[in-house]
Amino acid sequence: MKQTLFIIAIAAYLCSAFYPIQLFQWVISVVCLLIVIFVFPSVKRFVQGMGVVFLGIGIMLLIVNGASWVSFVSGFGNMLNILSLFALLPLIALPIELGQYASRIQLIIQSKIKHSGLLYTITSGLSYILSSFMNLATLPMMYHTIRPSLDLFPIEKKERFISRAITHGYSMPIVWTPVAPIVGIIVEMTGVAWSSILPIVIPFSLLGLALDGFMGRWIANRRQKLLSQTILDEIAASREELPYSGQGQAEGLKASHPIQILIAILVFNSLISLLEKYSHFSFLLLVAVSVIPFAFLWSLLLGKGKLFIKRSRSLLPEHLLRMKEQFFVFLSAGFMISAIQTTGAGHLINSWIMDVKDMVGADLFLLFIPLIPLVLAFAGLHPAVALALAAESLNPNALGLSVELTAIAMLTGAAAAFMVGPYNATAGMMAGLSGQSSYRVSNWNIPFTAAYLLMAMLLLLILKKVG
């Protein structure tokens with residue numbers, strides 16, 4: 001039942017985007033209301049509580065302002081565009097799985113990389129590349145690709161090493177890649193042109209990657225000096241006896257070359273940029289409808305077109321069922337945002353924000369913006385929900401800030417939230433993979449996240465000064 005409702009909601013949203021008639025809007029609202037009702041009993045209590053708060057605030061605003069009963073139904077479906085993107089994104093990871101790129105990467109690492117510092121840099125870099133295309137699917141793929149090789153290096157705390165390298169690299173492209181839903185949220189809710197912030201956020205994300213690589217290599221070099229020569233000799237001997245030959249090597253050589261992923265990323269981003277420039281459709285919609293045909297064409301070029309269709313038929317329904325908590329929270333938050341828009345409560349929130357800005361000053365207030373998604377992440381909100389709420393509450397024009405500066409501030413804060421938020425999917429997935437608690441995974445990322453935030457704040461001040 002839930003799966004059917006999810007599919008109907010997404011299909012109705014896509015149809016309404018291309019054929020905006022009132023019937024589709026009502027179908028979306030009614031189906032989303034049913035989803036919230038039917039999913040509620042099956043989600044965790046914490047998620048239930050969060051959703052109830054959103055729904056309660058929305059209902060209270062509508063009642064206080066004497067809204068008609070229609071508003072209580074039509075308010076649902078406000079964040080279905082984001083959920084549609086979440087639902088379809090995993091399909092873009094299928095060509096990477098079908099091309100067996102991980103086998104080739106593993107072969108290169110085990111045969112060419114000799115130093116743990118270099119391994120950290122490569123792991124972080126590969127995570128960056130894959131994240132810009134696969135988003136959350138990057139985490140398990142990178143973990144299972146790199147983890148078997150760690151025994152060949154003098155690394156004392158292997159889970160901390162791999163968790164930090166993967167998470168840091170994964171988080172850096174979140175400020176610009178179109179497959180990151182938060183980018184779509186910020187583009188749509190602030191009205192900023194995606195192409196206008198790319199010349200700033202892409203170099204900045206690469207600078208963050210370089211900083212992570214420097215910190216990772218420095219730590220690795222320092223720790224390797226503390227190891228005894230006996231341990232180093234044992235690791236070198238085990239490397240010489242490595243049985244990664246024969247069938248394993250043959251599979252690695254048959255696998256597609258990782259350079260193809262870079263080419264695909266460039267092509268996909270160029271496609272989205274062109275569609276954004278020459279079409280009138282929303283950014284989130286453009287990314288969502290481009291995912292399936294692009295992934296299928298890539299699989300077709302690999303000679304795996306039929307296999308892509310077979311895998312996607314099983315993957316999509318399974319993935320939708322796992323999204324029940326996301327559907328409940330996002331639709332509940334969307335209802336609250338719709339109520340804020342309908343009742344005009346946003347003007348009151350903006351006046352409060354203006355008072356805070358006048359009290360602390362424009363420069364200091366600008367530095368507070370990246371902290372908003374970070375603080376909300378520790379309150380249990382998914383960064384995407386936190387950004388949607390923040391973007392709805394902040395009026396760049398009233399605050400005397402450009403939409404570009406506001407968007408960059410929120411995006412850099414979201415990247416930090418993905419690294420240290422103990423309740424988001426990033427920490428949860430890495431905790432599951434490494435067998436650690438999400439709080440420990442979060443704590444491992446604090447030093448780099450602090451350095452990254454300082455670097456982001458410096459960037460914001462520079463951008464504000466140069467106008």
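No hydrogens, no waters, no symmetry mates; every other heavy atom, side chains included, goes into these values. Position 1 is the first residue of the sequence; numbering continues from there.
Interatomic distance, CG of Leu80 versus CD1 of Ile10, reported as 6.5 Å (0.5 Å rounding). Annotation: the span from Leu331 atom CG to Ile82 atom CD1 amounts to 10.0 Å, rounded to 0.5 Å. We find the CG-CD1 distance between Leu126 and Ile166 to be 10.0 Å, quoted to the nearest 0.5 Å.
Ser132 places a side-chain N or O within donor-acceptor distance of the main-chain N or O of Ile129, the cut-off being under 3.5 Å. The backbone N or O of Ser438 sits nowhere less than 3.5 Å from a side-chain atom of Ser442 that would complete a donor-acceptor pair. Remark: side-chain polar atoms of Glu276 are paired, donor with acceptor, to backbone N or O of Trp194 under 3.5 angstrom. The closest donor-acceptor contact from the side chain of Ser273 to the backbone of Asn269 lies at 3.5 Å or more, if one exists at all. Formation of a donor-acceptor pair under 3.5 Å by the Thr138 side chain with backbone atoms of Leu130 is found in this model. Side-chain N or O atoms of Thr412 include one that pairs as donor or acceptor with a backbone N or O of Ala409 at under 3.5 Å. Panel note: side chain Glu188, backbone Leu284; a donor-acceptor pair is recorded below 3.5 Å. Panel note: side chain Thr167, backbone Arg164; no donor-acceptor pair is recorded below 3.5 Å. Side chain of Ser124 to main chain of Tyr120: no donor-acceptor pair is present (N/O by atom type, distance under 3.5 Å, no hydrogens or angles). With Lys2 contributing its side chain and Lys324 its backbone, the two residues share no donor-acceptor pair below 3.5 Å.
Between Tyr13 and Ser84, the closest heavy-atom pair is CD2-OG, 3.2 Å. For the pair Ile186 and Val192, the tightest heavy-atom approach, listed with the atom from each and the gap, is O-CG1, 4.1 Å. Nearest heavy-atom pair, Ser163 versus Val441, reported as atom, atom and distance to 0.1 Å: OG-CG1, 3.7 Å. Of all non-hydrogen atoms in Ala431 and Ser437, the two that sit nearest each other are CB-C, 3.8 Å.
Open room surrounds CZ on Arg313; 12 or fewer heavy atoms of other groups in view lie less than 6.0 Å from it. The neighbour count for Lys158 NZ, taken as heavy atoms of other residues, nucleotides or ligands under 6.0 Å away, is above 12. Within a 6.0 Å radius of OH in Tyr19, no more than 12 heavy atoms belonging to other residues, nucleotides or ligands are found. Crowding of Arg160 atom CZ: a count of heavy atoms from other residues, nucleotides or ligands under 6.0 Å exceeding 12.
Just one residue in the list Ile408, Leu405, Leu207 forms a side-chain contact (heavy atoms from CB on, under 4.5 Å) with Leu459, and that residue is Ile408. Of the candidates Tyr452, Phe448, Phe161, His168 forms a ring pair (Phe, Tyr, Trp, His ring centres under 6.0 Å) with just one, namely Phe448.
Classified by interplanar angle (parallel below 30°, tilted 30° to 60°, perpendicular above 60°), the ring pair Tyr170/Phe418 is perpendicular. In this pair, Phe40 and Phe328 present their aromatic rings tilted. The plane angle is within the 30 to 60° band.
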### Message
Walk me through whether Leu374 and Leu371 qualify under side-chain contact (heavy atoms from CB on, under 4.5 Å).
### Response
CA-CA 5 Å; Leu374 188 63; Leu371 300 180; 4.2 Å; yes
### Query
Between Arg147 and Leu433, is a side-chain contact (heavy atoms from CB on, under 4.5 Å) present by the stated rule, with each step listed?
CA-CA 10 Å; Arg147 185 60 182 85; Leu433 290 168; over 6 Å; no
### Task
Take Val70 and Trp26, measure what side-chain contact (heavy atoms from CB on, under 4.5 Å) needs, and give me the verdict at the end.
CA-CA 10 Å; Val70 174; Trp26 274 107; 3.7 Å; yes
### Query
Would Met141 and Ile96 count as a side-chain contact (heavy atoms from CB on, under 4.5 Å) if you check the C-alpha gap in whole Å, the side-chain angles of each, and the deciding distance to 0.1 Å?
CA-CA 10 Å; Met141 179 177 177; Ile96 296 179; 3.2 Å; yes
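Side chains of Asn78 and Ser338: no donor on one and acceptor on the other come within 3.5 Å. Counted by atom type alone, Trp176 and Ser205 present one or more donor-acceptor pairs between their side chains at under 3.5 Å.
Using a cutoff of 4.0 Å between basic side-chain nitrogens and carboxylate oxygens, Glu97 and Arg311 are scored as salt-bridged.
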